[in-house]
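Note: hydrogens, waters and symmetry copies are ignored here, and every other heavy atom, side chains too, is used. Note that the structure is a prediction, hence the values are computed from the model and not measured.
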Amino acid sequence: MSPMSGTATEKTTAPDSVSTAEPVPVPSSATSAASPPRDASPSRVRQVPSTAARVRWAVRRLPDLLVRGATKSVAIVALLLWETAPRLGLVDPIFLPPFSEVARAWWGLAIDGQLADNARASLVRSFSGFGLAVAVAVPLGLLIGWYRPVADLLGPLLEVLRNTAALALLPVFVLLLGIGETSKISIVVYACTWPILLNTISAVRNVDPTLLKLAKSMDLSAPRLFRKVILPSSVPVMFTGIRLAGTVSILVLVAAEMIGAKAGLGYLINASQYNFAIPQMYAGIITISAIGVAFNQFLVAVERRLSSWRVPVGD
C-alpha cells in the first residue's frame, strides 16, 4: 500500500475515532455555575419571593388598617367627649347629659318594655312601607327604563311628583287617610319609591351596550335577554336606591310618628322632649341610629349575594 492510500485511510477513519471518543470532562467551576447546589431545595429557593410578596401585601394593606383604626378611634373619642364635656361644664348637662346617663336611661327603657314596644311599632310601619315601595318601584323602574313608550307616558307625571317632598305631603296624607297606620305607611311608601324608581331606571338605561350587542348576536329572546343581562347588570345601581330608601323609610317614619301617633320611636322622642326627659330622648335617637345601621348592613349583605358575579376592584 502506498503512502497516499495510507493517508486517505487515516482521513476516512478519523471521524469515526472522534465519534467514539470519550466526552471531554467539564471543569467543576462551570458545572457549579450551570446547576444549583445540591442542598438548595425548591422550598428554600421560593422562600425569598414569598417573603417579598408578604411584605408588599402588608404595605398595600397598611393604609386600610390605618383608616379602620382611625375610624374606630374617632368613634371612641366622640364617646369620650360626650361623656366628659358635660361633666367638665363645656356644655350644659341639662340639654346634653353624659353618655353614661343616656345609657342608663336606655337600659331603663329596655327593662320596662317601652323601648321594645315602640321599636316594634316603628319597625312594622317602616318595613311595611319599604316592602311595598320595593314591590312597586322595581318593576315600574324596569318597565320605564326598558320600554320607551312607557317612559314617554309616565315621565311628565313622575317629574312633578318626585320634586314634591314627602313631609310636605304629610298633612295631605293625614287629611285623606286619617291619623292611623294607613297614613304613616303610605307616607313611607311615597318617600321610599323615588330613590328605588330613579336608580332602577338609571341602571337599566346604562347597561353596557357591548353586553347587549353580544347577547343579541347570540339570538337570545327578549325574556332571556332581560333575565340574563339586564337584571344582573342593574343590581348594583338598583341596590344603591334600595339602600337609600331603607334610610328614608326610618327617617320619614320618625317625623310622621311625631304627629298623632301613640306608639313608635318618633312618639317616644317627641314625648320625652315634652316631658323634659332628655336622657330618654337621646336613648330613642341612639336606637333609631342602631336600627338604621343594622338595616343598611343587611341590605349590603343581600346586594353582595345577588351580585356575586362581580369581580372585586382590587383583583
Side-chain angles (χ1 to χ4, degrees), residues 65-130 165-167 170 179 181 183-185 187-188 191-192 195 242-301:
L65 296 176
L66 292 177
V67 170
R68 291 184 180 181
T71 303
K72 296 179 180 179
S73 301
V74 168
I76 295 174
V77 169
L79 291 178
L80 291 176
L81 288 176
W82 189 356
E83 178 66 29
T84 57
R87 298 187 182 279
L88 296 177
L90 299 178
V91 294
D92 193 343
I94 297 177
F95 301 107
L96 184 63
F99 178 75
S100 58
E101 294 185 10
V102 175
R104 194 178 304 113
W106 186 92
W107 182 252
L109 292 173
I111 290 297
D112 61 13
Q114 294 185 40
L115 189 65
D117 294 338
N118 289 292
R120 187 183 304 109
S122 294
L123 289 177
V124 169
R125 296 163 183 162
S126 178
F127 290 167
S128 299
F130 175 79
L167 293 178
L170 180 58
I179 61 174
E181 300 297 318
S183 62
K184 295 176 179 58
I185 295 177
I187 195 69
V188 173
C192 294
I242 292 176
R243 290 171 59 187
L244 290 174
T247 304
V248 170
S249 67
I250 298 175
L251 299 179
V252 173
L253 177 64
V254 170
E257 287 177 342
M258 293 181 178
I259 302 176
K262 296 182 179 180
L265 293 175
Y267 166 78
L268 174 64
I269 294 172
N270 199 30
S272 300
Q273 180 190 6
Y274 281 137
N275 296 326
F276 216 70
I278 304 302
Q280 285 78 5
M281 182 189 73
Y282 282 106
I285 294 173
I286 291 176
T287 304
I288 292 173
S289 301
I291 291 174
V293 171
F295 191 31
N296 182 70
Q297 293 301 316
F298 170 75
L299 293 177
V300 169

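Inter-residue side-chain proximity for V248 and F130 is flagged as unmet; no heavy-atom pair is nearer than 4.5 Å. A heavy-atom distance below 4.5 Å is found between the side chains of L115 and L268. A 4.5 Å side-chain heavy-atom check between L253 and S249 finds every atom pair outside the cut-off. Taking the side chain as every heavy atom from C-beta outward, I269 and I288 approach each other to under 4.5 Å.
Here the CG atom belonging to N118 is positioned 14.0 Å from the NZ atom belonging to K262, to the nearest 0.5 angstrom. The structure places CG of L244 at 9.0 Å from CG of N296, a figure rounded to the nearest 0.5 Å. Between atom CG of residue N270 and atom CG of residue L265 there is a gap of 12.5 Å, rounded to the nearest 0.5 Å. Taking CD of E257 as the start and OG of S126 as the end, the distance is 9.0 Å to the nearest 0.5 Å. The CD1 atom of I291 sits 12.5 Å away from atom CD1 of I286, with the distance rounded to the nearest 0.5 Å.
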Listed pairs under 3.5 Å, donor-acceptor, residues 81-91 side chains, sequence neighbours left out:
| unit_1 | atom_1 | unit_2 | atom_2 | d |
| --- | --- | --- | --- | --- |
| W82 | NE1 | P97 | O | 2.9 |
| E83 | OE1 | F99 | N | 3.2 |
| E83 | OE1 | S100 | N | 2.8 |
| E83 | OE1 | S100 | OG | 3.3 |
| E83 | OE2 | R87 | NE | 2.7 |
| E83 | OE2 | R87 | NH2 | 3.1 |
| E83 | OE2 | S100 | OG | 3.1 |
| T84 | OG1 | L80 | O | 2.8 |
| R87 | NH2 | S100 | OG | 2.9 |

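Closest non-hydrogen pair, D112 versus L109, comes out as OD1-O, 2.6 Å. The two residues I185 and S128 come nearest to each other via the heavy atoms CD1-CB, 4.2 Å. Residues A245 and C192 come closest through the heavy atom pair O-SG, 3.3 Å. Among all heavy-atom pairs drawn from Q280 and S272, the shortest one is CB-OG, 3.6 Å. The heavy-atom pair separating G129 from V188 by the smallest distance is CA-CG1, 3.8 Å. Smallest separation of non-hydrogen atoms from A191 and A166: CB-CB, 3.7 Å.
A salt bridge links E181 to R125: one of the charged nitrogens lies within less than 4.0 Å of a carboxylate oxygen.
For OH of Y267, the number of neighbouring non-hydrogen atoms (other residues, nucleotides, ligands) closer than 6.0 Å is 12 at most.
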